[in-house]
There are 2 protein chains.
Amino acid sequence: MDRKGQIYRYIKTEISRKGLPPTIREIGNRFNISSTNGVRYFLNKLEDDGLIERQNRMARGIRIIDRVPASTGTPVPILGRVPAGKPSFSEENVEDTILLDSSLAKGSGVFAVRVHGDSMVGAGINDGDIAVVKPNPLPQSGEIVVALIEDEVTLKRIIKKGREVILRPENDDYPELNLTKLGHDRIRILGSVLTIIRRFY
Amino acid sequence: MDRKGQIYRYIKTEISRKGLPPTIREIGNRFNISSTNGVRYFLNKLEDDGLIERQNRMARGIRIIDRVPASTGTPVPILGRVPAGKPSFSEENVEDTILLDSSLAKGSGVFAVRVHGDSMVGAGINDGDIAVVKPNPLPQSGEIVVALIEDEVTLKRIIKKGREVILRPENDDYPELNLTKLGHDRIRILGSVLTIIRRFY
DNA sequence: TTGACTACTGCACATTTGTGCAGTAGGCTG
DNA sequence: CAGCCTACTGCACAAATGTGCAGTAGTCAA
């Protein structure tokens, strides 16, 4: 569907696979675009979007512009207990560390927590899953957030309606939490969920 | 002094500076070698030494061979289309590649597919998720497997009861498939699901 | 002195590759 | 129905680039 994005990812993949960017004709070949200008049409768009950069008249002169200097992977700490206030990365709280592709954990300060309970099964998030979280004090309505309620970590979907802020579980067995009524004292939103990871073994 | 080594380092530097390997003439320029064959002479040596690899007739087809596998992560190809038979890692089928921690993708031949449809929502696997798969012709009963049914990739839970082998979707809207009755002709089990990954952005 | 070996030069040539310009089918909007 | 936009096709062309073949100056060893 999103041809432009597909081409962008293809270029990225080729660079990491072959060590050099593809030529216009190689891209055309991959996407069945017989004319070099069909491809150039998209490359221009990608360049306008600031996603790639092109070197004039240079063979394979396509460069991916990464705002995050994508190292091969980001080490992400999995926090066990998250005590009062902000998550602490001190040794005794880090249960494990996994190396995640930058496409799965972009941004700074990213951490992960293990999901406890089944309050989000409706969204396909199960007990034991690992939630990769990006610190974000002001998540958008509809996002899945990680919140600290009375020293307990929970995932909820955040809904903002005018003044009201609601944390909604995706499981009818659990009640909604109205932040506006409860007051924010005991509830702290840590960030929004970037990625869910589940192991089957 | 060590011209060969200097050229090797120049190639390395150019790749990290510009994002693509230099051409023969660019190398010649840098080292005041007026003939392209002066450069080729050294490239051949570097290739004999196993320090670089060259792609035939490809512009800038020089690749640095790094014996140090850098990171703990494994590059896992995400296959787009999986045509008849076994999954093919040929260029046109690889949609993207992600680097996964070895704890998420252990074993050899691991690949990933994008989940289509909602036949496994009951197990918390949604449309669009990425399933990391370990090739495994004989999965255990109860495992979630990736199967190729009539050239279509699907996830199902495999149930073995005595002689019967059943592929069961985790969604009441879909029927069970009894492998024993259907015959294995049109159904091929590719492997078992190691990990599910879901991006939220 | 010869002969090998290293490190190139020089040139022609075929491909590969980027660029320019013109045109067009299909969908959508007014 | 015209006009615009998107996503291309088609072709020519020049520049960039890899390859092949022949030759050579300098060094070093026998």
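Throughout, protein chains are lettered first and strands after them, A, B, ... in sequence-line order, and every chain is numbered starting at 1.
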Taken to the nearest whole Å, NZ/B:K4 to P/C:dA7 is 9 Å

Using the C1' atoms of five pairs at each end, what's the angle between the two axes of the helix from C:dT1-D:dA30 to C:dG30-D:dC1, to 10 degrees? 20°

Strictly below 4.0 Å: does A:R60 bring a side-chain N or O up to OP1 or OP2 of C:dT17? yes

Does B:N136 reach the main-chain N or O of B:G191 with its side chain, forming a donor-acceptor pair under 3.5 Å? no

Between A:K160 and A:P139 (side chain of the first, backbone of the second, donor and acceptor by atom type, cut-off under 3.5 Å), is there such a pair? yes

Can you tell me the distance, in whole Å, between the CG atom of B:L20 and the P atom of D:dA16? 15 Å

Judged by atom type as modelled, is there a donor-acceptor pair below 3.5 Å linking the side chain of A:R199 to the main-chain atoms of B:T195? no

Sugar-phosphate only, base, or nothing, as touched by A:R25 at under 4.0 Å among non-hydrogen atoms: base

Residues B:G61 and A:L20: closest non-hydrogen pair is CA-CD2, 3.7 Å

Could you work out, with salt bridge (Lys or Arg N to Asp or Glu O under 4.0 Å) as the rule, every residue matching B:K45, not counting sequence neighbours? none

Dump the pairs, protein N or O against N or O of nucleotides 23-27 of chain C, anything under 3.5 Å, distances to one decimal.
none

Do A:I125 and A:I144 touch side chain to side chain, with heavy atoms closer than 4.5 Å? yes

B:F31 CZ to C:dT6 P: how many Å, rounded? 20 Å

Closer than 4.0 Å, any side-chain N/O of A:R54 to the OP1 or OP2 of C:dT19? yes

A:N44 CG to D:dA7 P: how many Å, rounded? 13 Å

Identify, residue by residue, the members of residues 10-17 of chain B with a heavy atom below 4.0 Å from DNA chain D, and return them in order of residue number, or none. none

Please state how far atom CD1 in A:I24 lies from atom C1' in D:dG10, giving the value in whole angstrom units. 15 Å

Can you see if the side chain of B:R3 gets near the phosphate of C:dC8 - specifically, an N or O under 4.0 Å from OP1 or OP2? yes

If you check the B:T23 side chain, which of D:dG18, D:dT9, C:dG10 turns out closest? D:dG18

Is the backbone of B:R40 close enough, under 3.5 Å, to the side chain of B:N44 for a donor and an acceptor to pair up by distance? yes

Can a salt bridge be assigned to the pair B:K161 and B:E164 using a cut-off of 4.0 Å between side-chain N and carboxylate O? no

Would you say the rings of B:F42 and B:F31 are close, in the sense that their centroids are separated by under 6.0 Å? no

Specify the separation, in whole Å, of atom CE of A:M58 and atom P of C:dT19. 11 Å

When every non-hydrogen atom of B:R54 is compared with those of B:L43, the smallest separation belongs to CZ-CD1, 3.8 Å

To the nearest 0.5 Å, what is the distance between CD1 on A:I11 and OG on A:S16? 12.5 Å

From the set D:dT17, C:dG10, D:dC11, return the single nucleotide nearest to any side-chain atom of B:S35. C:dG10

Quick check on contacts: within residues 36-43 of chain A, what sits under 4.0 Å from DNA chain C by heavy-atom distance? A:T36, A:N37, A:R40

Nucleotide C:dG18, atom C1' - distance to CD1 of A:I52 in whole Å: 13 Å

Answer yes when A:E170 and A:R157 have at least one side-chain N-carboxylate O distance shorter than 4.0 Å, and no when they do not. yes

List in chain and number order the residues that pass side chain to side chain donor-acceptor pair (under 3.5 Å) with B:Q55, two or more places apart in sequence or in another chain; answer none if no residue qualifies. none

When you measure from the side-chain N and O atoms of B:S34 to the phosphate of C:dG10, is any distance below 4.0 Å, counting only OP1 and OP2? yes

May I have the distance from B:I62 (atom CD1) to D:dT17 (atom P), rounded to whole angstrom? 11 Å

Residues A:R30, A:E14: salt bridge by 4.0 Å N-O rule: no

Does B:K45 put a side-chain nitrogen or oxygen below 4.0 Å from OP1 or OP2 of C:dA7? yes

With distance as the sole test, does A:N171 use its side chain to make a donor-acceptor pair with the main-chain N or O of A:G122 at under 3.5 Å? no

